[in-house]
Chemist: 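Below are the C-alpha coordinates for one structure; questions will follow.
Note that this is a predicted model, so its numbers are computed, not measured. Chain A is the first sequence line, chain B the second, and so forth, proteins listed ahead of strands; every chain is numbered from 1.
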2 protein chains.
Amino acid sequence: MDFATHLTSNNIKPSLQRIKIFEYLYENRDHPTVETIYSDLVGAIPTLSKTTVYNTLKIFIDNGITHTVTIEDNEVRYDAIMEEHAHFKCNDCGNVFDVEIDVSGLNFKEIKSFKVEKTNIYLKGKCNKCLNKIN
Amino acid sequence: MDFATHLTSNNIKPSLQRIKIFEYLYENRDHPTVETIYSDLVGAIPTLSKTTVYNTLKIFIDNGITHTVTIEDNEVRYDAIMEEHAHFKCNDCGNVFDVEIDVSGLNFKEIKSFKVEKTNIYLKGKCNKCLNKIN
DNA sequence: TATAAAATTGTAATGATTACAAATTTAGAT
DNA sequence: ATCTAAATTTGTAATCATTACAATTTTATA
(Lines give C-alpha, C1' and ligand atoms only; values in the text may rest on other atoms or scores of the structure.)
Protein backbone atom coordinates (compact mmCIF):
# COMPACT_ATOMS: atom_id res chain seq x y z
CA MET A 1 0.00 0.00 0.00
CA ASP A 2 1.51 3.28 -1.16
CA PHE A 3 -0.13 5.80 1.12
CA ALA A 4 0.72 8.90 -0.89
CA THR A 5 -0.80 7.37 -3.98
CA HIS A 6 -3.83 6.27 -2.06
CA LEU A 7 -4.38 9.84 -0.87
CA THR A 8 -3.79 11.30 -4.32
CA SER A 9 -6.22 8.93 -5.98
CA ASN A 10 -8.81 10.08 -3.47
CA ASN A 11 -8.26 13.75 -4.21
CA ILE A 12 -6.20 14.47 -1.13
CA LYS A 13 -2.90 16.20 -1.50
CA PRO A 14 -0.36 13.97 0.24
CA SER A 15 1.37 16.20 2.75
CA LEU A 16 3.71 14.66 5.31
CA GLN A 17 1.13 14.97 8.06
CA ARG A 18 -1.61 13.40 5.97
CA ILE A 19 0.58 10.50 4.90
CA LYS A 20 1.73 9.80 8.43
CA ILE A 21 -1.75 10.01 9.90
CA PHE A 22 -3.20 7.75 7.27
CA GLU A 23 -0.32 5.31 7.59
CA TYR A 24 -0.82 5.25 11.34
CA LEU A 25 -4.52 4.54 10.96
CA TYR A 26 -3.94 1.86 8.41
CA GLU A 27 -1.25 0.08 10.37
CA ASN A 28 -2.83 0.40 13.80
CA ARG A 29 -6.01 -1.54 13.56
CA ASP A 30 -7.05 -0.75 17.09
CA HIS A 31 -9.30 2.15 16.12
CA PRO A 32 -7.41 4.94 17.83
CA THR A 33 -8.82 8.19 19.14
CA VAL A 34 -7.57 11.64 18.14
CA GLU A 35 -5.65 11.76 21.39
CA THR A 36 -3.84 8.49 20.66
CA ILE A 37 -3.04 9.41 17.10
CA TYR A 38 -1.67 12.76 18.17
CA SER A 39 0.48 11.51 21.03
CA ASP A 40 1.86 8.62 19.02
CA LEU A 41 2.80 10.82 16.06
CA VAL A 42 4.05 13.98 17.72
CA GLY A 43 7.39 12.29 18.32
CA ALA A 44 7.94 11.74 14.61
CA ILE A 45 6.41 15.10 13.64
CA PRO A 46 7.33 17.46 16.48
CA THR A 47 5.39 20.38 15.02
CA LEU A 48 2.20 18.36 14.76
CA SER A 49 -0.89 20.05 16.13
CA LYS A 50 -4.00 18.35 17.41
CA THR A 51 -6.03 20.64 15.19
CA THR A 52 -4.25 19.13 12.20
CA VAL A 53 -5.23 15.67 13.33
CA TYR A 54 -8.86 16.77 13.53
CA ASN A 55 -8.70 18.56 10.19
CA THR A 56 -7.00 15.67 8.49
CA LEU A 57 -9.41 13.06 9.77
CA LYS A 58 -12.29 15.21 8.60
CA ILE A 59 -10.77 15.35 5.12
CA PHE A 60 -10.27 11.58 5.14
CA ILE A 61 -13.88 11.04 6.14
CA ASP A 62 -15.25 13.51 3.59
CA ASN A 63 -13.30 11.73 0.89
CA GLY A 64 -14.37 8.28 1.98
CA ILE A 65 -11.08 6.75 3.07
CA THR A 66 -11.78 6.73 6.81
CA HIS A 67 -14.83 6.36 8.98
CA THR A 68 -15.63 6.85 12.63
CA VAL A 69 -16.35 3.99 14.98
CA THR A 70 -18.98 5.01 17.48
CA ILE A 71 -19.37 2.56 20.29
CA GLU A 72 -19.15 4.54 23.49
CA ASP A 73 -20.82 7.86 24.12
CA ASN A 74 -17.63 9.52 25.12
CA GLU A 75 -14.99 8.38 22.68
CA VAL A 76 -14.75 8.75 18.93
CA ARG A 77 -12.49 6.28 17.21
CA TYR A 78 -11.21 6.24 13.65
CA ASP A 79 -10.77 3.43 11.18
CA ALA A 80 -9.19 3.35 7.72
CA ILE A 81 -10.52 -0.08 6.80
CA MET A 82 -13.49 0.62 4.60
CA GLU A 83 -14.55 -2.94 3.80
CA GLU A 84 -17.74 -3.84 5.63
CA HIS A 85 -16.98 -5.29 9.01
CA ALA A 86 -18.22 -5.21 12.55
CA HIS A 87 -16.47 -4.31 15.79
CA PHE A 88 -16.09 -6.03 19.09
CA LYS A 89 -15.26 -4.01 22.19
CA CYS A 90 -14.00 -5.79 25.27
CA ASN A 91 -15.64 -4.45 28.41
CA ASP A 92 -12.55 -5.40 30.39
CA CYS A 93 -9.52 -4.12 28.50
CA GLY A 94 -11.42 -1.67 26.31
CA ASN A 95 -9.77 -2.82 23.11
CA VAL A 96 -11.79 -2.74 19.92
CA PHE A 97 -11.30 -5.58 17.46
CA ASP A 98 -12.43 -5.98 13.88
CA VAL A 99 -14.90 -8.74 13.22
CA GLU A 100 -15.73 -10.19 9.85
CA ILE A 101 -19.42 -10.34 9.35
CA ASP A 102 -21.99 -11.61 6.96
CA VAL A 103 -24.86 -9.12 6.98
CA SER A 104 -26.92 -11.07 4.49
CA GLY A 105 -28.40 -13.21 7.25
CA LEU A 106 -29.95 -10.18 8.89
CA ASN A 107 -33.65 -10.20 8.95
CA PHE A 108 -35.41 -6.87 9.37
CA LYS A 109 -39.12 -6.47 9.55
CA GLU A 110 -41.09 -3.27 9.00
CA ILE A 111 -38.43 -1.38 7.10
CA LYS A 112 -39.51 -2.49 3.67
CA SER A 113 -40.35 1.09 2.84
CA PHE A 114 -37.07 2.46 4.19
CA LYS A 115 -33.91 2.63 2.16
CA VAL A 116 -31.02 1.18 4.13
CA GLU A 117 -27.72 2.70 3.04
CA LYS A 118 -25.47 1.39 5.76
CA THR A 119 -25.63 -1.32 8.40
CA ASN A 120 -23.54 -0.84 11.51
CA ILE A 121 -22.89 -3.60 13.98
CA TYR A 122 -20.85 -3.69 17.12
CA LEU A 123 -20.58 -6.28 19.83
CA LYS A 124 -19.60 -5.96 23.43
CA GLY A 125 -18.33 -8.60 25.78
CA LYS A 126 -15.05 -10.10 26.87
CA CYS A 127 -12.12 -10.81 24.62
CA ASN A 128 -10.10 -13.99 24.59
CA LYS A 129 -7.26 -12.55 26.61
CA CYS A 130 -9.46 -11.09 29.33
CA LEU A 131 -11.51 -14.29 29.61
CA ASN A 132 -8.37 -16.25 30.39
CA LYS A 133 -6.94 -13.67 32.74
CA ILE A 134 -6.72 -14.56 36.42
CA ASN A 135 -8.43 -11.90 38.43
CA MET B 1 -47.66 0.62 32.63
CA ASP B 2 -47.52 2.12 36.12
CA PHE B 3 -44.33 4.12 36.03
CA ALA B 4 -43.94 4.59 39.79
CA THR B 5 -44.25 0.86 40.32
CA HIS B 6 -41.82 0.17 37.54
CA LEU B 7 -39.27 2.45 39.19
CA THR B 8 -39.85 0.97 42.62
CA SER B 9 -39.48 -2.58 41.43
CA ASN B 10 -36.14 -1.57 39.98
CA ASN B 11 -34.92 -0.07 43.24
CA ILE B 12 -35.47 3.52 42.22
CA LYS B 13 -37.41 5.77 44.55
CA PRO B 14 -40.21 7.27 42.43
CA SER B 15 -39.84 11.00 42.81
CA LEU B 16 -41.91 13.29 40.63
CA GLN B 17 -38.93 14.08 38.41
CA ARG B 18 -38.03 10.44 37.96
CA ILE B 19 -41.56 9.43 37.13
CA LYS B 20 -41.98 12.22 34.61
CA ILE B 21 -38.64 11.57 32.95
CA PHE B 22 -39.27 7.87 32.68
CA GLU B 23 -42.77 8.43 31.43
CA TYR B 24 -41.47 10.82 28.82
CA LEU B 25 -38.88 8.32 27.66
CA TYR B 26 -41.37 5.51 27.55
CA GLU B 27 -44.01 7.47 25.64
CA ASN B 28 -41.69 9.24 23.25
CA ARG B 29 -40.12 6.50 21.25
CA ASP B 30 -37.99 8.88 19.25
CA HIS B 31 -34.89 8.42 21.41
CA PRO B 32 -34.60 11.93 22.74
CA THR B 33 -31.46 13.68 23.87
CA VAL B 34 -30.97 15.25 27.30
CA GLU B 35 -31.66 18.62 25.75
CA THR B 36 -34.98 17.47 24.32
CA ILE B 37 -36.08 15.77 27.51
CA TYR B 38 -35.22 18.82 29.54
CA SER B 39 -36.88 21.37 27.33
CA ASP B 40 -40.02 19.27 26.90
CA LEU B 41 -40.43 18.71 30.62
CA VAL B 42 -39.40 22.03 32.13
CA GLY B 43 -42.85 23.38 31.36
CA ALA B 44 -44.53 20.74 33.50
CA ILE B 45 -41.81 20.86 36.17
CA PRO B 46 -40.63 24.46 36.23
CA THR B 47 -37.92 23.81 38.81
CA LEU B 48 -36.40 21.02 36.74
CA SER B 49 -32.68 21.23 36.31
CA LYS B 50 -30.66 19.76 33.49
CA THR B 51 -28.38 18.18 36.08
CA THR B 52 -31.37 16.26 37.37
CA VAL B 53 -32.03 14.92 33.91
CA TYR B 54 -28.43 13.74 33.67
CA ASN B 55 -28.49 12.27 37.19
CA THR B 56 -31.79 10.55 36.64
CA LEU B 57 -30.82 9.00 33.34
CA LYS B 58 -27.65 7.70 34.93
CA ILE B 59 -29.70 6.06 37.66
CA PHE B 60 -32.03 4.54 35.08
CA ILE B 61 -29.08 3.15 33.15
CA ASP B 62 -27.33 1.80 36.25
CA ASN B 63 -30.52 0.02 37.21
CA GLY B 64 -31.11 -1.37 33.76
CA ILE B 65 -34.34 0.36 32.77
CA THR B 66 -32.83 2.66 30.14
CA HIS B 67 -29.96 2.48 27.72
CA THR B 68 -28.16 4.91 25.48
CA VAL B 69 -28.42 4.86 21.74
CA THR B 70 -25.12 5.81 20.19
CA ILE B 71 -25.35 6.46 16.50
CA GLU B 72 -23.72 9.80 15.90
CA ASP B 73 -20.50 10.98 17.47
CA ASN B 74 -22.03 14.10 18.80
CA GLU B 75 -25.40 13.17 20.20
CA VAL B 76 -26.33 10.77 22.96
CA ARG B 77 -29.88 9.53 22.87
CA TYR B 78 -31.86 7.61 25.47
CA ASP B 79 -34.25 4.73 25.17
CA ALA B 80 -36.47 3.04 27.77
CA ILE B 81 -37.34 0.06 25.59
CA MET B 82 -35.09 -2.71 26.80
CA GLU B 83 -36.20 -5.51 24.52
CA GLU B 84 -33.60 -6.26 21.89
CA HIS B 85 -34.13 -4.15 18.83
CA ALA B 86 -32.16 -2.21 16.28
CA HIS B 87 -32.36 1.43 15.23
CA PHE B 88 -32.72 3.18 11.94
CA LYS B 89 -31.62 6.77 11.56
CA CYS B 90 -32.79 8.75 8.58
CA ASN B 91 -29.98 10.81 7.10
CA ASP B 92 -32.52 13.33 5.87
CA CYS B 93 -34.83 14.15 8.76
CA GLY B 94 -32.56 12.80 11.47
CA ASN B 95 -35.30 10.80 13.15
CA VAL B 96 -34.38 7.52 14.81
CA PHE B 97 -36.84 4.65 14.49
CA ASP B 98 -37.00 1.33 16.28
CA VAL B 99 -36.53 -1.71 14.12
CA GLU B 100 -37.43 -5.24 15.08
CA ILE B 101 -34.59 -7.54 14.38
CA ASP B 102 -33.70 -11.19 14.40
CA VAL B 103 -30.07 -11.44 15.43
CA SER B 104 -29.97 -15.19 15.17
CA GLY B 105 -29.16 -15.02 11.48
CA LEU B 106 -25.93 -13.17 12.19
CA ASN B 107 -22.85 -15.02 11.23
CA PHE B 108 -19.61 -14.04 12.93
CA LYS B 109 -16.29 -15.59 12.18
CA GLU B 110 -13.15 -15.44 14.36
CA ILE B 111 -14.86 -14.55 17.58
CA LYS B 112 -15.41 -18.06 18.78
CA SER B 113 -13.06 -17.40 21.66
CA PHE B 114 -14.75 -14.11 22.57
CA LYS B 115 -17.77 -13.88 24.81
CA VAL B 116 -20.42 -11.70 23.21
CA GLU B 117 -22.63 -10.09 25.81
CA LYS B 118 -24.48 -7.62 23.66
CA THR B 119 -25.10 -7.11 19.96
CA ASN B 120 -25.83 -3.59 18.77
CA ILE B 121 -27.16 -2.80 15.35
CA TYR B 122 -28.11 0.44 13.73
CA LEU B 123 -28.96 1.29 10.18
CA LYS B 124 -28.73 4.51 8.29
CA GLY B 125 -30.52 5.57 5.19
CA LYS B 126 -33.71 7.32 4.20
CA CYS B 127 -37.05 6.85 5.88
CA ASN B 128 -40.32 6.34 4.12
CA LYS B 129 -41.44 9.93 4.53
CA CYS B 130 -38.21 11.44 3.25
CA LEU B 131 -38.08 9.09 0.28
CA ASN B 132 -41.48 10.28 -0.88
CA LYS B 133 -40.77 13.93 -0.21
CA ILE B 134 -40.48 16.25 -3.19
CA ASN B 135 -37.20 18.07 -3.02
C1' DT C 1 -42.37 18.13 65.01
C1' DA C 2 -37.38 17.45 64.83
C1' DT C 3 -33.65 15.26 62.52
C1' DA C 4 -31.09 12.72 59.21
C1' DA C 5 -30.86 11.00 54.72
C1' DA C 6 -31.94 11.42 49.99
C1' DA C 7 -32.98 14.08 46.03
C1' DT C 8 -32.80 18.22 43.48
C1' DT C 9 -30.80 22.30 42.01
C1' DG C 10 -27.45 25.95 40.31
C1' DT C 11 -22.92 27.14 39.43
C1' DA C 12 -18.41 26.19 38.34
C1' DA C 13 -15.02 23.03 36.27
C1' DT C 14 -13.67 19.88 32.74
C1' DG C 15 -12.60 18.18 28.34
C1' DA C 16 -13.40 17.28 23.53
C1' DT C 17 -14.21 19.63 19.44
C1' DT C 18 -14.52 23.68 16.44
C1' DA C 19 -13.60 28.45 14.82
C1' DC C 20 -10.43 31.40 13.34
C1' DA C 21 -6.45 34.04 12.24
C1' DA C 22 -1.45 33.88 11.81
C1' DA C 23 2.47 31.42 10.17
C1' DT C 24 4.44 28.13 7.21
C1' DT C 25 4.79 25.41 3.21
C1' DT C 26 3.84 24.27 -1.54
C1' DA C 27 3.10 24.91 -6.50
C1' DG C 28 3.16 27.57 -10.54
C1' DA C 29 4.58 31.52 -13.24
C1' DT C 30 8.15 34.38 -14.51
C1' DA D 1 16.13 30.50 -8.80
C1' DT D 2 12.67 33.77 -7.17
C1' DC D 3 8.27 35.68 -6.49
C1' DT D 4 3.40 35.25 -5.51
C1' DA D 5 -0.87 33.10 -4.52
C1' DA D 6 -3.03 29.26 -2.72
C1' DA D 7 -3.12 25.52 0.33
C1' DT D 8 -1.82 23.59 4.62
C1' DT D 9 -0.53 23.65 9.25
C1' DT D 10 -0.48 25.57 13.63
C1' DG D 11 -1.79 27.80 18.20
C1' DT D 12 -5.12 30.09 20.72
C1' DA D 13 -9.58 31.15 21.91
C1' DA D 14 -14.49 29.93 21.80
C1' DT D 15 -18.12 26.59 22.21
C1' DC D 16 -20.84 23.06 24.01
C1' DA D 17 -22.03 18.77 26.38
C1' DT D 18 -21.13 16.63 30.52
C1' DT D 19 -19.55 16.22 35.30
C1' DA D 20 -18.26 17.80 39.99
C1' DC D 21 -19.68 19.73 43.87
C1' DA D 22 -21.81 22.32 47.43
C1' DA D 23 -26.12 24.36 48.86
C1' DT D 24 -30.99 23.92 49.07
C1' DT D 25 -35.13 21.42 49.25
C1' DT D 26 -37.79 17.41 49.98
C1' DT D 27 -38.79 13.01 52.11
C1' DA D 28 -38.86 9.50 55.63
C1' DT D 29 -38.57 8.27 60.26
C1' DA D 30 -38.09 8.64 65.19
Chemist: If the threshold is 4.0 Å, N to carboxylate O, is there a salt bridge linking A:Lys124 and A:Glu72?
Modeler: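 So A:Lys124 pairs with A:Glu72 through a salt bridge.
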Chemist: Determine: side-chain N/O of B:Thr52 to OP1/OP2 of C:dT9, distance under 4.0 Å, yes or no.
Modeler: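 True: B:Thr52 side-chain N/O within range (under 4.0 Å) of C:dT9 OP1/OP2.
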Chemist: Got a salt bridge between A:Glu84 and A:Lys118, using NZ or NE/NH1/NH2 to carboxylate O under 4.0 Å?
Modeler: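 Looking at A:Glu84 and A:Lys118, the cut-off is not met.
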Chemist: Would you kindly give the CG-to-C1' distance between A:Leu48 and C:dA23, to the nearest whole Å?
Modeler: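 That distance rounds to 16 Å.
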Chemist: Looking only at the side chains, is there a donor atom on one of A:Asn95 and A:His31 sitting less than 3.5 Å from an acceptor on the other?
Modeler: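 There is no such pair (donor and acceptor under 3.5 Å, judged by atom type) between the side chains of A:Asn95 and A:His31.
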Chemist: In terms of side-chain heavy atoms, does B:Asn91 have a donor or acceptor partner in B:Lys89 at a distance below 3.5 Å?
Modeler: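 No, no side-chain donor-acceptor contact under 3.5 Å.
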Chemist: For DNA chain D, just give me the dot-bracket, please: Watson-Crick or G-U, both distances below 3.5 Å, ( ) intra-strand, [ ] crossing earlier pairs, | paired with another strand, . unpaired.
Modeler: ||||||||||||||||||||||||||||||
Chemist: Relative to the 5' end of DNA chain C, which residue comes earlier, B:Thr47 or B:Lys13, by the nucleotide with the nearest heavy atom?
Modeler: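 Closer to the 5' end of DNA chain C: B:Lys13.
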Chemist: Rounded to whole Å, please give me the gap between CG in A:Asp73 and P in C:dT17.
Modeler: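 These atoms are roughly 13 Å apart.
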Chemist: Can you see if the side chain of A:Tyr54 gets near the phosphate of C:dT17 - specifically, an N or O under 4.0 Å from OP1 or OP2?
Modeler: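 Answer is yes, contact under 4.0 Å.
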Chemist: Using a 4.0 Å heavy-atom cut-off across all strands, classify B:Glu35 as base, sugar-phosphate, or nothing.
Modeler: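 No contact at all - B:Glu35 keeps every heavy atom at 4.0 Å or more from the nucleic acid.
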Chemist: Got a salt bridge between A:Lys129 and A:Asp92, using NZ or NE/NH1/NH2 to carboxylate O under 4.0 Å?
Modeler: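 A:Asp92 and A:Lys129: not salt-bridged.
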Chemist: Which part of the nucleic acid, if any, lies within contact of B:Asn74, taking any heavy atom under 4.0 Å across all strands shown: a base, the sugar-phosphate backbone alone, or nothing?
Modeler: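 Nothing, no nucleic acid heavy atom in range.
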Chemist: List the residues meeting side-chain hydrogen bond (donor to acceptor under 3.5 Å, both in side chains) with B:Lys13, not counting sequence neighbours, and say none if there are none.
Modeler: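 Once residues adjacent in sequence are excluded, B:Lys13 has no partner under the side-chain hydrogen bond (donor to acceptor under 3.5 Å, both in side chains) criterion.
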Chemist: Does anyone know the first and last nucleotide of DNA chain D in reach of chain A, 5' to 3', at under 4.0 angstrom to a heavy atom?
Modeler: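 Listed 5' to 3', the contact boundaries are D:dA7 to D:dT12.
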Chemist: Please report, rounded to the nearest Å, how far the C1' atom of C:dG10 is from the NZ atom of B:Lys50.
Modeler: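 Roughly 13 Å, once rounded to whole Å.
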Chemist: Determine: side-chain N/O of B:Ser15 to OP1/OP2 of C:dT8, distance under 4.0 Å, yes or no.
Modeler: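 B:Ser15 to C:dT8 OP1/OP2: side-chain N or O found under 4.0 Å.
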Chemist: If we ignore angles and hydrogens, is there a donor and acceptor under 3.5 Å between the side chains of A:Thr36 and A:Thr33?
Modeler: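 A donor-acceptor contact under 3.5 Å links the two side chains.
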Chemist: Anything under 30° is parallel, anything over 60° is perpendicular, the rest tilted; go ahead and classify A:Tyr122 against B:Tyr122.
Modeler: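 A:Tyr122 vs B:Tyr122 ring planes: perpendicular.
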Chemist: Establish, from distance only, whether the side-chain atoms of B:Asp79 and B:His85 form a donor-acceptor pair under 3.5 Å.
Modeler: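 There is such a pair between these side chains.
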